Amino acid sequence: METSCSLPNYKFIIMKNVFLIVVCLLAGNYSFSQNTPTPAKVHIIKCTSFSVSKPLSDLFETDASEKDNRKMKESEDKDERKLPTYTFTEKDGQQYGEDMSIRQTAAGNRQSTSTIANWAGQVGNFYPTDATGAAGPNHYVQCVNSTPVKVFNKTNGALLGTVHHLGSLWSPAVGNGGDPIVLYDKYADRWFLSQIGIASNGDLNTYIAISTTPDPTGTYYTYTFATGQYPDYQKFSIWADGYYMTANQNTDEVYCFERDSMLAGSAAARSIGIAFTTGTTSSFYVPLPADADGQLPPYGTPLPFFAFHDNAWTAGGDEIRIWSMSVNWISGIPTATISATPDSVALTAFNSAYSSTLNDIPQPGTTLKLDGLGGYLNFRAQWRKWTGYNSVVLNFAVRISATQRGIRWVELRQDDSTLAWTKFQEGTYAPGTSSYWCASIAMNDCGSIALCYNKSSSAAGDYPSLAYTGRIANDPLGTMTIGETVAFQGTGALTQTNRWGDYSHTCLDPDGITFWHTGEYATNVNPNVGTRIYSFQLPCFVGIAENENSEAVINVFQSNSEIEIIGTHLQNDDELKVDLFDISGKQLAAKKVKSSFHSFQTSFDVSALAKATYLVRVGKENSSFQRVKKIIVK
């Protein structure tokens, strides 16, 4: 089934409608941002085509084409990456260099953790691999550049099938420009797959596929959107009122795609974009939209999106900048606002400079250096709602020396009452003499943080490899305390190109505890790169004290017209807050409980609630202790 959707007017809307939008924007009372929302150019887009695909399993192919003698080539998108202009360097003052006082020079001294799952991923036909993937209840789905898709059994790593071209889901099939993103929307129990068109063929589209059921091997709703610009390096996130996207375009614009309509398979699904100003000298400057984990924010909460600013570029400090976008999907003409100027959170001095030829990362046995991926935040900006505050974890590449790169990682927190963002902790991870880069960071339900990355140096045997570290929530701030684990050791140097990354992807399992990562490594056989998929857990702590051998157990179940919540194995008898939310993030009920003998029991009356899926959250205010449980009320 295919439905053609009406084309938008990309010169925006006739003056009468523009006037109506501005009136709506000015009338809206959005109190979530520190800055007053400002009217800006609003770009309303309807899908240009919609269809329901064949089952993915019907498109599965053999892997006969995946041979060691494949011919890979460099992705065309390198031309889209304009280097930032560094007005100042370290020679102009220490304020433009890396403050070594927060550099972690030795690996963590806690015992490292072993991988749970660890199996081979795939490579496509282009450098870099752009590895992305997500874990659902039973599956792991991985996608790489231009744009094959693999579906695995999550438990044993068994390959269920391969679709060599994501574009074959569309009818008729579309080109495969790459820059894929895979997300598991656990709030709807659906899968999200995206890619861009092939610019050299004149295809500037954004392609999004949403699974029609929880089964990633089934059918998909396929959507095509044209923003009017080429959406290079598009990055997506899940939010209550939409799937949000940023991209490397000629003008700065953030987009929100109508999530509810897309999940329902509506051919009338829309997107809305709004312009903003980054204030940077770099053309390649892609802020990251907040990606909700744990639970969704209440519907209508403005989406924050984040970028870093280097004081060596232009006026301004070394800082994280935060904008907010609000969308109202009213019937007729939807509206959107964006903060007039970004909030800023100062960071300790860093140096994000990198080679003008993108030759940054040494390898053994060759003079060819790899792209250090400097100048922008690494995917993704994981956002979490806690009791009393929200958090986001971010990371980006920094220059340690002429031969070494490290990872600056940051945790920001937003107060629930004031809505102000502040820095909770930061650190620079660069132990030893290797370079650390192409990282992805995430936090689990215990507040433990995982940092996954590549490492390499010119030392013999230190080929580009995949590794990870982490920290427990109440560890000393700014330190990755977990010893490094090499998830997969590289076996050779990449000599065909310096392209690497462009990104990797760390996600959280629906269990809220297990981390999954997919990324690139170097091999000694053609095409000299591979990807890997692995999972692991970090120790948790319970309550305000740590006990690595004991974890709180929260059981949630329905008994007649009551939702029963029972907590056991708590570390202490602190007061806890128990909340009930609908699946969109709206709070329905809340109470405080005091545990006794490290246990508690409470309940909510749900006799007036519709049969649907709900979330129960148990947490301690202003701490990282939290559990979120999903329950279906029948």
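Since the model is a prediction, treat every value here as computed from it, not as a measurement.
- Each of Phe50, Phe192, Tyr243, Tyr207 was scored for a ring pair (Phe, Tyr, Trp, His ring centres under 6.0 Å) with Tyr223, with one residue passing: Phe50.
- Applying the side-chain contact (heavy atoms from CB on, under 4.5 Å) rule to Pro297 yields the partners Trp239, Ala240, Ala292, Thr301, Trp383; only residues at least two apart in sequence or on another chain are considered.
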Full working for side chain to side chain contact (heavy atoms under 4.5 Å, CB included) between Asn444 and Cys540: CA-CA 9 Å; Asn444 69 11; Cys540 282; 4.2 Å; yes

Worked check of side chain to side chain donor-acceptor pair (under 3.5 Å) between Ser51 and Thr222: CA-CA 5 Å; Ser51 64; Thr222 62; 2.5 Å; yes

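- Considering only residues two or more places apart in sequence or on other chains, Phe396 meets the ring pair (Phe, Tyr, Trp, His ring centres under 6.0 Å) condition with Phe308, Phe350.
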Arg380 vs Leu183, side chain to side chain contact (heavy atoms under 4.5 Å, CB included): CA-CA, chis, key distance, verdict: CA-CA 11 Å; Arg380 62 191 171 104; Leu183 301 172; 5.5 Å; no

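- Judged as a salt bridge (charged side-chain N to carboxylate O under 4.0 Å, His left out), and not counting sequence neighbours, the contacts of Lys186 are Asp293.
- Side-chain contact between Tyr220 and Ile210 is absent, with no heavy atoms from C-beta onward closer than 4.5 Å.
- Under the ring pair (Phe, Tyr, Trp, His ring centres under 6.0 Å) criterion, Tyr429 pairs with Tyr436, Tyr453, not counting sequence neighbours.
- If you check the side chains of Gln234 and Asp179, you find no donor sitting under 3.5 Å from an acceptor.
- The closest side-chain heavy-atom distance from Phe581 to Val628 is not below 4.5 Å.
- In this structure, Ile472 and Leu538 have side chains that are not in contact, with every pair of non-hydrogen atoms separated by 4.5 Å or more.
- Donor-acceptor pairing under 3.5 Å is recorded for the side chains of Glu253 and Tyr255.
- Between the side chain of Thr506 and the backbone N or O of Ser440, at least one donor-acceptor pair lies under 3.5 Å.
- The shortest side-chain heavy-atom distance between Ile272 and Glu258 does not fall under the 4.5 Å cut-off.
- In this structure, the side chains of Asp416 and Lys385 come closer than 4.5 Å at one or more pairs of heavy atoms.
- Judged by the 6.0 Å distance and 45° axis criteria, Lys235 is positioned over the aromatic ring of Tyr503.
- The backbone N or O of Cys438 lies less than 3.5 Å from no partner atom in the side chain of Asn378, so there is not a single donor-acceptor pair.
- Legend: residues meeting side-chain hydrogen bond (donor to acceptor under 3.5 Å, both in side chains) with Lys154, ordered by chain and number and at least two apart, are Asp509.
- Contact check for Ser352 versus Trp313: side-chain heavy atoms found under the 4.5 Å cut-off.
- With a 4.5 Å cut-off on side-chain heavy atoms, Met245 and Pro231 count as touching.
- Formation of a donor-acceptor pair under 3.5 Å by the Gln195 side chain with backbone atoms of Pro180 is not found in this model.
- In terms of the ring pair (Phe, Tyr, Trp, His ring centres under 6.0 Å) criterion, residue partners of Phe257 (sequence neighbours excluded) are, by chain and number, Phe225, Phe236.
- For Ser237, the side-chain contact (heavy atoms from CB on, under 4.5 Å) partners two or more places apart in sequence, or in a different chain, are Tyr244, Pro289, Asp291, Leu303.
- Ring geometry for Trp191 versus His139: interplanar angle over 60°, hence perpendicular rather than tilted (30 to 60°).
- If you check the side chains of Tyr184 and Asp189, you find a donor sitting under 3.5 Å from an acceptor.
- The backbone N or O of Thr335 sits nowhere less than 3.5 Å from a side-chain atom of Asn328 that would complete a donor-acceptor pair.
- Residues Ile407 and Ala439 share a closest heavy-atom pair of CD1-CB, 3.7 Å.
- In this structure, the side-chain contact (heavy atoms from CB on, under 4.5 Å) partners of Asp582, at least two apart in sequence or on a different chain, are Ser584, Lys586, Leu588, Tyr614.
- Between the side chain of Ser271 and the main chain of Cys256, a donor-acceptor pair closer than 3.5 Å is present.
- Under the 3.5 Å distance criterion, with hydrogens and angles disregarded, a donor-acceptor pair is assigned to the side chains of His309 and Thr314.
- The side-chain contact (heavy atoms from CB on, under 4.5 Å) check on Ala381 picks up Leu288, Phe306, Val392, Leu394, with sequence neighbours excluded.
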Ring pair (Phe, Tyr, Trp, His ring centres under 6.0 Å) between Phe305 and Phe276, worked out: CA-CA 11 Å; Phe305 58 102; Phe276 72 104; 5.1 Å; yes

Worked check of side chain to side chain contact (heavy atoms under 4.5 Å, CB included) between Phe379 and Ile181: CA-CA 10 Å; Phe379 185 66; Ile181 292 294; 3.8 Å; yes

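- Shown here are the side-chain hydrogen bond (donor to acceptor under 3.5 Å, both in side chains) partners of Glu319, two or more places apart in sequence or in another chain: Arg321.
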Criterion side chain to side chain contact (heavy atoms under 4.5 Å, CB included) on Ile631 and Phe604, from CA distance to verdict: CA-CA 12 Å; Ile631 183 170; Phe604 290 116; over 6 Å; no

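- Thr224 is linked by a side-chain hydrogen bond (donor to acceptor under 3.5 Å, both in side chains) to Ser49, Trp170, counting only residues two or more places apart in sequence or in another chain.
- Under a 3.5 Å cut-off, the side chain of Glu621 and the backbone N or O of Lys577 do not form any donor-acceptor pair.
- A side-chain donor-acceptor contact under 3.5 Å links Ser339 to the backbone of Ser324.
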Verdict with supporting geometry, Glu411 and Ser391, side chain to side chain donor-acceptor pair (under 3.5 Å): CA-CA 7 Å; Glu411 179 186 352; Ser391 70; 4.7 Å; no

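- By the side-chain hydrogen bond (donor to acceptor under 3.5 Å, both in side chains) test, Lys630 is found to be paired with no residue, residues two or more places apart in sequence or in another chain being considered.
- Formation of a donor-acceptor pair under 3.5 Å by the Arg190 side chain with backbone atoms of Ser211 is found in this model.
- You'll find the ring centres of Phe424 and Tyr389 outside the 6.0 Å limit.
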Test side chain to side chain donor-acceptor pair (under 3.5 Å) applied to Arg408 and Thr428, step by step: CA-CA 4 Å; Arg408 176 64 66 91; Thr428 296; 2.7 Å; yes

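- In this structure, the side chain of Asn176 engages the main chain of Leu166 through a donor-acceptor pair within 3.5 Å.
- With contacts defined as side-chain heavy-atom distances shorter than 4.5 Å, the pair Thr348/Asp318 does not qualify.
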Derivation of the side chain to side chain donor-acceptor pair (under 3.5 Å) call for Asp579 and Gln587: CA-CA 7 Å; Asp579 301 283; Gln587 187 181 54; 2.7 Å; yes

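- Side-chain polar atoms of Thr212 and Thr219 form a donor-acceptor pair below 3.5 angstrom.
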